[in-house]
Amino acid sequence: MRWSQLFIPTLREDPAEAEVVSHRLLLRAGYIRQLAAGVYSYLFLAQRSLNRIIGIVRQEMDAIGGQEFLLPALHPAEVWQESGRWDVMGNDMFRLKDRNAHDMCLGMTHEEVMTVIARGELRSYKQLPQIWYQIQNKFRDEPRPRSGLMRVRQFIMKDSYTFDMDAAGLDVAYQKHYQAYCRIFSRCGLKYVAVEAHSGAMGGSQSHEFMVKSPAGEDWVVECPKCGYAANLEKAVSHPSPAQGPDPDGDLTPEEFHTPGRKTIAEVAEFTGLPETSQMKSLVMVADGQPVLALLRGDHQLSETKFAGALGAKEIRPAHPQEIVEWFGAEAGSLGPVGVTGMRILADLALQGRRNMIAGANKDDHHLRHVTPDEDFKPEYRDLRQVASGDACTGCGGELALDKTIEIGHIFKLGYRYSEGMGLRVLNAEGKEVAPIMGSYGIGIERILSSAVELYADSDGMALPVAIAPFHVVITPVNNADAAQMKAAREIYEGCRALGLDPLLDDRDERPGVKFKDADLIGIPYRITVGKKLARGMVELVERRGKLTSEVEVGAAAAAVSQKIESALQDGH
RNA sequence: CGGGGCGUAGCGCAGCCUGGUAGCGCACCUGCCUUGGGCGCAGGGGGUCGUUGGUUCAAAUCCGACCGCCCCGACCA
C-alpha cells in the first residue's frame with residue numbers, strides 16, 4: 001500500500017498520559033487512540049497487526065480440531081444467575097437493563113453461553129469430544145484500567161471451551177491446547193514461559209499461564225534456572241532459607257518480657273538481638289467474615305492466595321485495627337497465638353518443629369519468649385508462605401528467581417462446575433446420564449501485541465516480529481523528486497507484491513529524515529532504501545531490529561527481502 | 001475503594017501564586033527553497049481555558065460542587 005494514502009497519525013512527542021513503553025509507542029506510532037479509560041480505538045496499523053495475530057491463533061486452533069463460533073456479547077442475566085456468577089462477579093461486570101427493565105450484562109467470558117448451547121444440543125457420548133472457540137470482544141469493568149492495552153475494559157480474547165466424557169479426555173484436550181499455545185506464541189515471535197498457575201475463582205484442578213517477562217508486567221513468576229520449574233508466585237512452592245540461628249533447647253514455658261515501642265519484626269529482632277527467623281509473625285485476617293490468625297516465620301510473607309485456598313474462603317482481607325484490639329486486647333505489633341481462642345490458627349509449614357520462639361504477648365509493648373507450636377498453642381499447618389527470590393527449588397535445590405511478567409494466555413481444567421451446575425448431561429455408552437467434563441483456555445490478543453512491543457522496543461520505536469507486523473517491508477525512496485528513485489521504488493514494491501509479501505511504499509513527499517523516523521517508529525521489520533546508490537544500481541536493505549544494513553542490486557531486492565522474511569517466519573523473529 | 005497528580009488549539013506545555021478577556025514549540029494550510037535521519041524562510045488558520053454554581057465592575061486565574069484522565073496501592077475468570 002502507498003503511505004501517502006494511509007492514515008498513520010504518528011506523533012513526534014510522547015503523549016503525557018502514557019507511561020509504559022508499549023502504551024507510549026502504540027500511541028506515538030499511530031496504532032491506537034484512547035476513547036475512555038481502558039477503552040481504545042484500534043486504527044489501521046493496530047487492526048492489521050491484530051488481524052495477523054488472530055490469523056495465527058485461528059490456524060493453530062483449527063489445527064487441533066477447534067471450531068470457531070461467534071457468540072453474543074450481550075447476555076441475559078439468567079444464564080449468569082444460573083451459574084451463580086451473577087453475584088460473584090460484582091462490579092467487574094458491566095450490567096444494564098433493556099427497555100423492559102430486564103437485567104442484561106456484557107460478557108466477561110463465555111462459559112455460561114457455551115454451556116447453554118451444549119446442554120441444548122449435546123445428547124450422546126458419541127458427540128464428544130468437542131473443542132469450541134471464539135475470538136471476540138469481552139468486557140470487564142476493571143477497577144483500574146492501566147498500561148495502554150495491558151489492562152483494559154474491552155478487549156479481544158480467544159477463548160476455547162472443551163467438552164469431554166472423562167478426565168483422560170480432558171487431559172488430551174488440555175495437552176492439545178498447551179501445545180497449540182506454544183506454537184502460537186512462538187510463531188508470534190514472543191519469548192514466553194509456561195508456568196503452573198492458581199486456577200482462581202473458576203475452580204478446577206490444573207492450570208497453566210503463558211507469561212512474557214517484562215518490567216511492564218503485573219504478575220510475578222518464580223523460575224528455577226536449573227531444572228526449569230516455573231510457577232506463578234501465587235502458587236509457587238519452595239524450601240525456605242534455613243533459620244539464622246538455632247532454637248533454644250529444652251521444654252521452656254512462655255515468658256513475657258517488655259518491648260516498649262517495638263512493633264515490627266525488625267524492631268523486635270534488633271531489641272532482642274535474635275534474628276527475624278526466631279520470631280513468629282502473627283497476622284489477623286478476616287475470611288468470609290470470620291477472624292483467622294495466620295502465623296509465619298518472622299522473615300516470611302503471607303501469600304493471600306494460598307491462605308484463602310487453605311480456608312476455602314471466597315473473600316479475605318486483613319482485619320481492621322479496631323477489630324484487632326477488640327479480639328486480642330492489643331494492637332498489631334504485639335500479637336501472638338498463645339491464649340487465643342475462638343478463631344482458627346493457621347501456621348505456615350516453616351513453623352512445624354520449631355521451638356522456643358518469640359511471639360507477641362497480646363498485650364501492648366510485650367512479647368513472649370519460649371513459644372513452642374503444638375505445646376503452647378495448637379495450629380493447623382498449611383503452606384501459607386509466599387516464595388521469595390533466592391529460596392531453594394523443591395525439585396532440585398536450585399536458587400529460585402522472581403520475574404515480573406505479562407499474562408498472555410491461561411489454560412485450565414474447569415471440571416464439572418458448569419456442566420453439573422447448569423444441567424449439561426449426555427448419555428454414556430451404558431445409557432446413563434453423565435455430566436461432561438470441561439476445560440477453558442484463553443488468549444489475550446492485544447496482550448500479544450503489547451508484549452511484542454515491550455519485548456523489542458528501542459529508542460527509535462518498536463521492532464515487531466515479522467509474523468505480526470502490519471507490513472513486512474517498507475520501501476523508502478529518499479527523494480520523491482528523483483524520478484529514477486521513484487521508479488525503482490515502485491518496481492521493488494510491485495516485485496514484493498508479486499512474491500506475496502505485504503509491502504508499504506513510502507511515497508509521501510517528506511524529507512528522508514521524516515520517513516526514516518516514521519518507519520523506525522511503526523516497527524516494520526525490513527526497509528529497502530532507494531537513494532544515491534541507485535546510480536550504481538544498488539539499494540539498501542535494512543533490518544529494523546539491530547539496524548543491520550546490506551546492499552543489494554535493485555533487481556534482486558524483492559527476492560532478498562522475501563528470503564529474509566521467509567527465514568524470520570521460520571525462526572519466529 | 002484509599003493515596004497522589006493533571007485537565008488551556010490535534011500533540012507537548014507556559015500563563016493561575018499577585019483577576020483586566022490567552023501564549024510558546026511541534027503538527028496543520030499557502031508560497032518559495034531543500035532532499036540520506038523529524039530542513040530553512042515568509043505568510044496564515046485553529047482555543048465555549050473540563051462542566052457548573054458562586055465572589056467581583058471584571059474570572060483561565062479566587063472559592064465550592066461535579067465530571068474526566070493518569071500514576072501508586074487494594075482488587076483482578
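Each chain gets a letter, A, B and so on, in the order the sequences are listed, and its residues count up from 1. Being a predicted model, the structure only gives us computed values, none of them experimental.
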Counting only Watson-Crick pairs (N1-N3 plus N6-O4 or O6-N4) and G-U wobbles (N1-O2, O6-N3), all under 3.5 Å, who is the partner of [N]?
N     : result
B:U56 : none
B:C26 : B:G10
B:C69 : B:G5
B:C75 : none
B:U61 : none

Which nucleotide sits closest to the side chain of [X]: [options]?
X        : options             : result
A:Asp518 : B:G38, B:G36, B:G73 : B:G38
A:Thr529 : B:G37, B:C71, B:G36 : B:G36
A:Ala36  : B:G38, B:G36, B:C69 : B:C69
A:Arg144 : B:G73, B:C39, B:C70 : B:G73

Polar side-chain contact [X]-[N] base: donor and acceptor under 3.5 Å:
X        : N     : result
A:Arg28  : B:G38 : yes
A:Asp520 : B:G37 : yes
A:Arg151 : B:C76 : yes

Judged by each residue's nearest nucleotide on RNA chain B, which is more toward the 5′ side, A:Ala37 or A:Gly442? A:Ala37
First encountered from the 5' end of RNA chain B, between A:Glu218 and A:Ser147: A:Ser147
Could you tell me whether a side-chain N or O of [X] sits under 3.5 Å from a main-chain N or O of [Y], the two making a donor and an acceptor?
X        : Y        : result
A:Lys515 : A:Val478 : no
A:Ser282 : A:Leu335 : yes
A:Glu234 : A:Ala197 : no

Select base, sugar-phosphate, or nothing to describe what [X] touches, counting heavy atoms under 4.0 Å on all strands.
X        : value
A:Glu209 : nothing
A:Thr549 : nothing
A:Arg317 : nothing

Provide, to the nearest angstrom, the distance between the [atom1] atom belonging to [X] and the [atom2] atom belonging to [N].
X        : N     : atom1 : atom2 : value
A:Arg511 : B:G38 : CZ    : P     : 8 Å
A:Arg508 : B:G36 : CZ    : P     : 16 Å
A:Ile8   : B:G38 : CD1   : C1'   : 16 Å
A:Asp506 : B:G37 : CG    : P     : 15 Å
A:Asp509 : B:C29 : CG    : P     : 11 Å
A:Asn91  : B:C1  : CG    : P     : 8 Å
A:Leu521 : B:C26 : CG    : P     : 19 Å
A:Glu510 : B:G38 : CD    : C1'   : 9 Å

Is the closest side-chain heavy-atom distance between A:Ile117 and A:Trp132 below 4.5 Å? yes
In whole Å, what separates the [atom1] atom of [N] from that of [M]?
N     : M     : atom1 : result
B:G31 : B:G37 : P     : 26 Å
B:G68 : B:U30 : C1'   : 38 Å
B:G12 : B:G38 : C1'   : 15 Å
B:G54 : B:G43 : P     : 45 Å
B:G4  : B:C11 : C1'   : 25 Å
B:A60 : B:G20 : P     : 9 Å
B:A27 : B:C39 : P     : 6 Å
B:G50 : B:G5  : C1'   : 16 Å

Is it the case that more than 12 heavy atoms not belonging to A:Lys487 sit under 6.0 Å from its NZ atom? no
Just by distance, with hydrogens left out, do [X] and [Y] show a side-chain donor and acceptor under 3.5 Å apart?
X        : Y        : answer
A:Ser83  : A:Glu111 : no
A:Tyr31  : A:Ser22  : no
A:Lys158 : A:Tyr181 : yes
A:Ser49  : A:Tyr42  : no

Give each protein N/O atom lying under 3.5 Å from an N/O atom of nucleotides 5-12 of chain B, with the pair distance.
{"from": "B:G12", "atom 1": "OP1", "to": "A:Ala16", "atom 2": "N", "distance (Å)": "2.9"}

Do NZ/NE/NH1/NH2 and the carboxylate oxygens of A:Arg536 and A:Glu551 come within less than 4.0 Å? yes
Phosphate oxygens OP1/OP2 of B:G68: is one of them under 4.0 Å from a side-chain N or O of A:Gln34? no
Kindly say if A:Arg12 contacts the phosphate of B:A27, meaning a side-chain N or O under 4.0 Å from OP1 or OP2. yes
